[in-house]
Amino acid sequence: MGGVFGRQDTSRRGSHGMKLESRMVESMKQRAAHGTSVKSFNSIIMKFPKIDEGLRKCKTIFEQFDEDSNGEIDKEELKNCFHKLEISFTEEEISDLFEACDINEDMGMKYNEFIVFLCLVYLLNDPAASEATKMGLGDLESTFETLVDAFVFLDKNKDGYVSKDEMIQAINESIPGERSAGRIAMKR
């Protein structure tokens, strides 16, 4: 199964994967109903350094969960992680998350896939439960919130997906008086 879900991937998903995808899409639609603080594509670009800093902190967490230090987290290590941290996901949900985040379909989550996983866990959790804090990711909550907020901004038709056309539209939009990343870089 593996890989990031898209509307055309129906032949690659089982019923469990489709249920997870439905939850992800519904979560994104709920976020979209509340709006976004992102006003332009340039404002996303301006947040890259802070996002990068936050994601670098994930490396330590990744290494902690990679019990055999082989550079990837397998399904058993992921289950152990959820168990140790008392995160309230069913075994089926853990398996679905693993398969969705194992983009390379090699039965192990590499670091970049683990970041996708953390973002999905953040997205799918009830904000009141704040599993992110429980996972030692409390200081990363703003990073994941920024990523979700950027997605909500990019999802112009609010269907829970970002198409190529929506991405192009977002890049081409501008807000009068906004300083672009290119303009700021030129001044330096």
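The structure displayed is predicted, hence computed values, not measured ones.
- In this structure, S43 contributes its side chain and V38 its backbone to no donor-acceptor pair below 3.5 Å.
- The main-chain N or O of F62 is never found under 3.5 Å from a side-chain atom of D66 such that the two would form a donor-acceptor pair.
- The side-chain heavy atoms of C58 and F117, taken from C-beta on, include no pair separated by under 4.5 Å.
- A donor-acceptor pair under 3.5 Å links the side-chain atoms of D155 to the main chain of D159, judged by distance alone.
- No salt bridge links E93 with K19; every basic N to acidic carboxylate O contact stays at or beyond 4.0 Å.
- Across all non-hydrogen atoms, the minimal contact from G54 to T143 is CA-OG1, 3.6 Å.
- Residue K47 holds its NZ atom at 4.5 Å from OG of S37, rounded to the nearest 0.5 Å.
- To the nearest 0.5 Å, atom CZ of residue F41 and atom CD1 of residue I171 are 4.5 Å apart.
- K75 places a side-chain heavy atom less than 4.5 Å from the side chain of E99.
- With hydrogens and angles disregarded, no donor-acceptor distance shorter than 3.5 Å links the side chain of D52 to the backbone of R56.
- Here the side chain of D102 pairs no donor or acceptor atom with the backbone of M109 at under 3.5 angstrom.
- E145 is listed as a side-chain neighbour of Y122, based on a closest heavy-atom distance under 4.5 Å.
- Nearest heavy atom pair, residue T36 against residue K39, reads O-NZ, 3.3 Å.
- In summary, the aromatic rings of Y111 and F114 are positioned with their centroids too far apart to meet the 6.0 Å limit.
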Candidate pair F151 and V162, rule side chain to side chain contact (heavy atoms under 4.5 Å, CB included), full reasoning
CA-CA 7 Å; F151 186 94; V162 175; 3.4 Å; yes

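- Proximity of Q64 to T60: side-chain heavy atoms (C-beta onward) are nowhere separated by under 4.5 Å.
- When side chains are defined from C-beta on, V121 does not count as touching F144, because their heavy atoms never get closer than 4.5 Å.
- With hydrogens and angles ignored, the 3.5 Å screen pairs a side-chain donor or acceptor of K158 with a backbone N or O of V152.
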Where do C101 and L120 land on the side chain to side chain contact (heavy atoms under 4.5 Å, CB included) test, with the steps shown first?
CA-CA 9 Å; C101 295; L120 282 176; 3.5 Å; yes

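- Under a cutoff of 6.0 Å and an axis angle of 45°, K156 and F153 form a cation-pi pair.
- The CG atom of L118 sits 6.5 Å away from atom CD1 of I61, with the distance rounded to the nearest 0.5 Å.
- To the nearest 0.5 Å, the span separating CG on L154 from CD1 on I168 amounts to 12.0 Å.
- E77 places a side-chain heavy atom less than 4.5 Å from the side chain of D74.
- To the nearest 0.5 angstrom, T146 atom OG1 is 5.5 Å from I51 atom CD1.
- Looking at E113, its side chain does come within 3.5 Å of a backbone N or O of N104 through a donor-acceptor pair.
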Run Y161 and E166 through side chain to side chain donor-acceptor pair (under 3.5 Å) and show every step you take.
CA-CA 9 Å; Y161 298 90; E166 288 172 314; over 6 Å; no

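- Put simply, CG on N172 and OG on S40 are 12.5 Å apart, with the number rounded to the nearest 0.5 Å.
- The shortest distance between side-chain heavy atoms of S95 and E91 does not fall below 4.5 Å.
- Using modelled atom types, one side-chain atom of S27 and one backbone atom of R23 make a donor-acceptor pair closer than 3.5 Å.
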